[in-house]
Number of protein chains: 2
Amino acid sequence: MSTSPAAYHHGNLRDALLAAGLQALEGPGGKAPSLRELARAVGVSPTAVYRHFPDKHALDKALAREGLKLLGNEQAVAAKEAGGGAAGFAATGRTYVRFALAHPALFRLMFTQGHPVGDGEAPDEARALLTANTQALASDPERAELLALQAWSIAHGIAMLMLDGRIPADDALIERMLDTKSVFP
Amino acid sequence: MSTSPAAYHHGNLRDALLAAGLQALEGPGGKAPSLRELARAVGVSPTAVYRHFPDKHALDKALAREGLKLLGNEQAVAAKEAGGGAAGFAATGRTYVRFALAHPALFRLMFTQGHPVGDGEAPDEARALLTANTQALASDPERAELLALQAWSIAHGIAMLMLDGRIPADDALIERMLDTKSVFP
DNA sequence: CCTCTATGTTTACAGTGTTTACTTTAACCG
DNA sequence: CGGTTAAAGTAAACACTGTAAACATAGAGG
């Protein structure tokens, strides 16, 4: 799933580009890399990239998917550590916002790729976890779906507004804003 | 406040640039214009822009402020038409999301300029309206501030997720998700 | 009227995404 | 094996971007 050490310069250019892209995006202070930057980082000519991605946007979409995987994993372990149930659900939300603050550039990229709603892609782990949680917590499944979208929206809104500096990126504030008793009683 | 017909080519280049920028951004299918595009649209050399803005980012920030004004106005009239109070508050939220869907590029620009939270700028009308509404609806003023941030976050989250195509941009869905009885009982 | 300052223009540079044409490398198969 | 073929890489070029430096031109004020 990443950077197999053998056959770097030849062989798996695609994976190498994604790895270099993630490294550039990760962490606070991460930046969205240019296509040429990534080619340089991997030691290849800019046009070589086009053998593996039709254009820059496709590369970005692939990086976004990679980011979604990371987020899903972090959420899954956080939910498990919290013991599942309502506590796990809450942990999921906190982790979402913290992930955004920890990897601003990556998080922005993940949600700026124009992901048409009806495309046949399988739902990412984060999304699957969300619906599973709400289905377990709500009786009515339709109401559960609405709850899922609302929970997603408030977490996403908090994350975005904090990233943009519209709301102080305070950890205690995250806690209060996401308090399930207050928002979803 | 816009495009005074006299003295176009000489005089108010700054306003002309902002007007051209807004026109490019407005509407669905709007796009973030390049500095050179705007210069062309106004009939001026690219570097002339630098007499009025230190760099592209400053221009974008000015456009973002312009967009916030537009949003604030729309929200104000919507709240007034709904008769104020709780109904007005709800109208404010709906208008927020609808504005985002009606002007995707502008909305994105408005919230991607890195607006450091502590800077001395006066709060925009949208923000002022928000706190006024929650102060009126909640007894405890501290609880009102939290409610304001939560309401903002959920509206912002819905808007962003719909813009990114993660959630269907359905008007009825907006209504259900923002239903105050369901979210803030 | 003459000067000075605000506001433009020209030219140039480094960087970007992308196309086209060319070269190498590896794999396949008779 | 050995030769052909397709995959994967390179080089050069194009149109575009934001920006800097040096120069030109009003228009206003003393």
Side-chain angles (χ1 to χ4, degrees), chain A residues 2-25 29-66 105-106 108-110 112-114, chain B residues 2-25 29-66 105-106 108-110 112-114:
Chain A
S2 61
T3 335
S4 59
Y8 188 72
H9 216 160
H10 270 225
N12 51 357
L13 213 192
R14 189 193 148 100
D15 287 6
L17 286 170
L18 291 181
L22 275 184
Q23 194 181 354
L25 286 164
K31 285 192 51 173
S34 73
L35 184 148
R36 294 173 105 108
E37 267 180 85
L38 292 184
R40 254 175 265 137
V42 163
V44 97
S45 86
T47 49
V49 178
Y50 289 83
R51 299 291 151 180
H52 300 269
F53 301 96
D55 55 6
K56 174 90 189 321
H57 190 233
L59 209 183
D60 286 341
K61 280 207 292 187
L63 285 170
R65 270 191 294 268
E66 224 58 32
L106 177 55
R108 275 219 160 84
L109 185 77
M110 287 162 53
T112 318
Q113 289 319 108
Chain B
S2 63
T3 333
S4 59
Y8 188 71
H9 216 159
H10 270 225
N12 49 358
L13 212 193
R14 190 194 148 97
D15 286 5
L17 286 170
L18 291 182
L22 276 185
Q23 193 181 354
L25 286 165
K31 285 193 50 172
S34 73
L35 184 148
R36 293 174 106 107
E37 267 179 87
L38 291 183
R40 255 175 262 136
V42 163
V44 96
S45 85
T47 49
V49 178
Y50 288 84
R51 297 294 149 178
H52 300 268
F53 301 96
D55 54 6
K56 174 89 192 315
H57 190 234
L59 209 183
D60 286 340
K61 281 208 292 186
L63 285 170
R65 270 192 294 270
E66 224 58 34
L106 177 56
R108 275 219 161 84
L109 185 79
M110 287 161 54
T112 319
Q113 288 321 108

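Within every chain, numbering begins at 1; the chains are lettered A, B, ... in the order of the sequence lines, protein sequences first and strands thereafter.
- In this structure, B/E37 places its CD atom where more than 12 heavy-atom neighbours from other residues, nucleotides or ligands lie under 6.0 Å away.
- Computed from coordinates, the B/L59 CG to D/dT17 C1' distance equals 14 Å when rounded to whole Å.
- Taking the side chain as every heavy atom from C-beta outward, B/L17 and B/V49 approach each other to under 4.5 Å.
- Judged by atom type and distance alone, A/R36 does not reach the base of C/dG15 through any side-chain donor-acceptor pair under 3.5 Å.
- In this structure, B/Y50 places its OH atom 18 Å from P of C/dT11, rounding to the nearest Å.
- Of the two residues near DNA chain C, A/T47 and A/R40, the one whose nearest nucleotide lies more 5' is A/R40.
- At whole-Å resolution of the value, NZ in B/K56 and C1' in D/dT19 are 12 Å apart.
- The shortest distance between side-chain heavy atoms of A/L59 and A/L63 falls below 4.5 Å.
- To the nearest angstrom, C1' of C/dG15 lies 13 Å from CG of A/L35.
- In this structure, A/H52 reaches the D/dG9 phosphate: one of its side-chain N or O atoms is under 4.0 Å from OP1 or OP2.
- One can place CG of A/D55 at 9 Å from C1' of C/dT18, the figure rounded to the nearest angstrom.
- Protein atom CG of B/L13 is 14 Å distant from nucleotide atom C1' of D/dA26, rounded to whole Å.
- Nucleic acid contact for A/S45: base, since at least one base atom lies under 4.0 Å from a heavy atom of the residue.
- Residues B/V44 and B/L38 form no side-chain contact, since every pair of their non-hydrogen atoms from C-beta on lies 4.5 Å or further apart.
- What separates CG of B/L38 from C1' of D/dG18 is a distance of 13 Å, to the nearest Å.
- Looking at heavy-atom distances under 4.0 Å, B/R14 makes no contact with the nucleic acid at all.
- A/L17 places its CG atom 13 Å from the P atom of D/dA8, with the value rounded to the nearest Å.
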